[in-house]
Undergrad: 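Questions regarding the structure given below will be posed in turn.
Computed over heavy atoms, backbone and side chain alike; hydrogens, waters and symmetry mates excluded. These figures come from a predicted structure and were not determined experimentally.
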Amino acid sequence: IVDFGAAIGLEGHAEGNAGLFGVLAGTVKNLTIENAHITGNENTVSAGAVAGGSIGTISGCKVVASSVSNNGSNTLTSSFKYVAGITGLNAHYAIGGGLSGNIENCMVDENTVIQCENVSNSFSGGIVGYSGFTSADNNCSVMACINNADITVSGTGSNQTTGGIAGYIENSSIVGCNIGEISGTGALGGLVGHTNGVIYGSWTTEDTVFGTTSGTANGCYALDGSVSMSNLEIVNMNSAICAYNNINTTKCPYIWKYQS
């Protein structure tokens with residue numbers, strides 16, 4: 001779908017993967033979804049407004065005045081729940097030459113609500129719930145995205161991670177900005193709930209960047225206050241900085257530049 005800007009009203013209850021696309025393996029570009037209500041249930045693994053899960057490319061998409069929820073403990077083989085404004089799961093598929101999920105220049109607005117409540121194990125984010133999976137997934141990325149939506153999580157499981165951009169990243173790269181509020185149980189981060197990947201040049205108005213981390217973060221800031229969008233702009237990543245931090249410029253071409 002290219003250059004599609006019409007408002008889409010979605011009212012969906014789905015099993016497996018819930019979204020405009022259940023699983024995306026192609027490219028969605030310049031799509032605006034407005035007044036969408038994506039509701040998962042105990043049989044839903046992954047939920048997002050654009051796609052439940054993605055091994056494709058999502059570029060220039062906006063989610064406006066919508067809600068995405070994936071509540072209730074999962075009764076399927078996978079005990080985990082994934083939920084986010086854009087896609088619940090951004091992953092790599094090795095068969096047939098391989099496909100890797102990439103999200104770029106996407107935005108979730110302040111009138112959107114993201115929920116994952118009464119769950120045992122969850123990965124929740126403003127843009128993506130979980131990005132990556134294995135060492136082969138280092139081609140997955142989330143670049144130049146903004147989340148304004150508030151995220152609420154509740155439950156009792158030991159694996160609950162929530163972040164303004166991503167709930168969890170594994171061998172994946174992220175550049176993003178979060179202005180939404182993160183609340184609930186488990187590991188809560190203004191940018192990422194937990195990372196085993198790389199985050200560079202990212203900002204959040206929450207008071208912490210990560211919930212927990214074993215990955216790499218460079219030039220990431222928790223501002224703990226309000227940020228005017230007029231103070232933020234995307235600039236090209238400095239190739240020398242990328243080389244120093246072992247970041248591939250083809251996968252991480254931008255940073256957020258903040259001018260107070």
Side-chain angles (χ1 to χ4, degrees), residues 21 23-31 46 48 50-63 82 84-94 97-108 123-147 161 163-178 189 191-204 209-210 213-220 234-239 241-257:
F21 301 93
V23 176
L24 176 69
T27 297
V28 176
K29 186 176 181 180
N30 299 340
L31 170 73
S46 186
V50 177
S54 175
I55 53 175
T57 297
I58 303 174
S59 177
C61 293
K62 297 180 180 180
V63 177
Y82 310 90
I86 300 296
T87 181
L89 182 61
N90 186 53
H92 175 84
Y93 186 68
L99 292 170
S100 293
N102 292 285
I103 307 167
E104 60 186 22
N105 298 312
C106 291
M107 186 273 288
V108 179
F123 303 105
S124 309
I127 302 298
V128 60
Y130 195 119
S131 183
F133 255 131
T134 68
S135 59
D137 292 330
N138 53 19
N139 287 325
C140 293
S141 63
V142 181
M143 294 292 140
C145 292
I146 302 172
N147 175 60
T161 62
I165 299 299
Y168 195 114
I169 66 170
E170 181 82 22
N171 300 305
S172 181
S173 301
I174 282 187
V175 175
C177 175
N178 173 59
L191 291 173
V192 176
H194 179 82
T195 175
N196 287 326
V198 178
I199 305 179
Y200 193 89
S202 297
W203 302 82
T204 176
V209 171
F210 304 113
T213 179
S214 56
T216 302
N218 295 286
C220 296
I234 285 289
V235 297
N236 290 331
M237 177 72 88
N238 183 296
S239 59
I241 292 176
C242 278
Y244 177 79
N245 292 294
N246 195 30
I247 301 173
N248 187 334
T249 54
T250 62
K251 291 296 178 183
C252 186
Y254 310 108
I255 61 171
W256 281 108
K257 181 180 179 182

Undergrad: Indicate the atoms forming the closest heavy-atom contact of Gly167 with Val192, along with that distance.
TA: O-CG1, 4.1 Å

Undergrad: Dump the intermediate steps for side-chain contact (heavy atoms from CB on, under 4.5 Å) on Ile86 and Val63, then the final yes or no.
TA: CA-CA 7 Å; Ile86 300 296; Val63 177; 3.8 Å; yes

Undergrad: Parallel, tilted or perpendicular: which one describes the rings of Tyr168 and Tyr130, with boundaries at 30° and 60°?
TA: parallel

Undergrad: Is any side-chain heavy atom of Leu191 less than 4.5 Å from a side-chain heavy atom of Ile174?
TA: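 No. Closest side-chain heavy atoms not under 4.5 Å.
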
Undergrad: Who pairs with Thr57 by side chain to side chain donor-acceptor pair (under 3.5 Å), at least two apart in sequence or on another chain?
TA: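 Residues passing side chain to side chain donor-acceptor pair (under 3.5 Å) with Thr57: none at all.
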
Undergrad: To the nearest 0.5 angstrom, please state how far the CD atom of Glu170 sits from the CG atom of Asn196.
TA: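 Reported to 0.5 Å precision, the distance equals 4.5 Å.
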
Undergrad: For Ser54, check side chain to side chain contact (heavy atoms under 4.5 Å, CB included) against everything at least two apart and list the hits.
TA: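 Counting only residues at least two positions away or on another chain, Ser54 forms a side chain to side chain contact (heavy atoms under 4.5 Å, CB included) with Leu24, Ile58, Thr87, Asn90.
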
Undergrad: Could you work out, with side chain to side chain donor-acceptor pair (under 3.5 Å) as the rule, every residue matching Asn178, not counting sequence neighbours?
TA: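 Per chain and number, Asn178 pairs via side chain to side chain donor-acceptor pair (under 3.5 Å) with Asn147, Thr204.
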
Undergrad: Would you say Ser173's side chain and Ser141's backbone share a donor-acceptor pair under 3.5 angstrom?
TA: no

Undergrad: Can you tell me how far apart NZ (Lys62) and CG (Leu31) are? Round to the nearest 0.5 Å.
TA: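 Atom-to-atom, Lys62:NZ and Leu31:CG are 11.5 Å apart.
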
Undergrad: Over all heavy atoms of both residues, which pair between Ser46 and Gly53 is shortest? Give the atoms and the distance, please.
TA: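 Nearest heavy atoms, Ser46 then Gly53: OG-N, 4.2 Å.
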
Undergrad: Please round to the nearest 0.5 Å and tell me the distance separating atom CE of Met143 and atom SG of Cys106.
TA: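 Met143 atom CE to Cys106 atom SG measures 12.5 Å (nearest 0.5 Å).
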
Undergrad: Return the minimal non-hydrogen interatomic distance between Ser172 and Cys140, and the atom names on each side.
TA: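 Of all heavy-atom pairs spanning Ser172 and Cys140, the closest is OG-O, 3.0 Å.
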
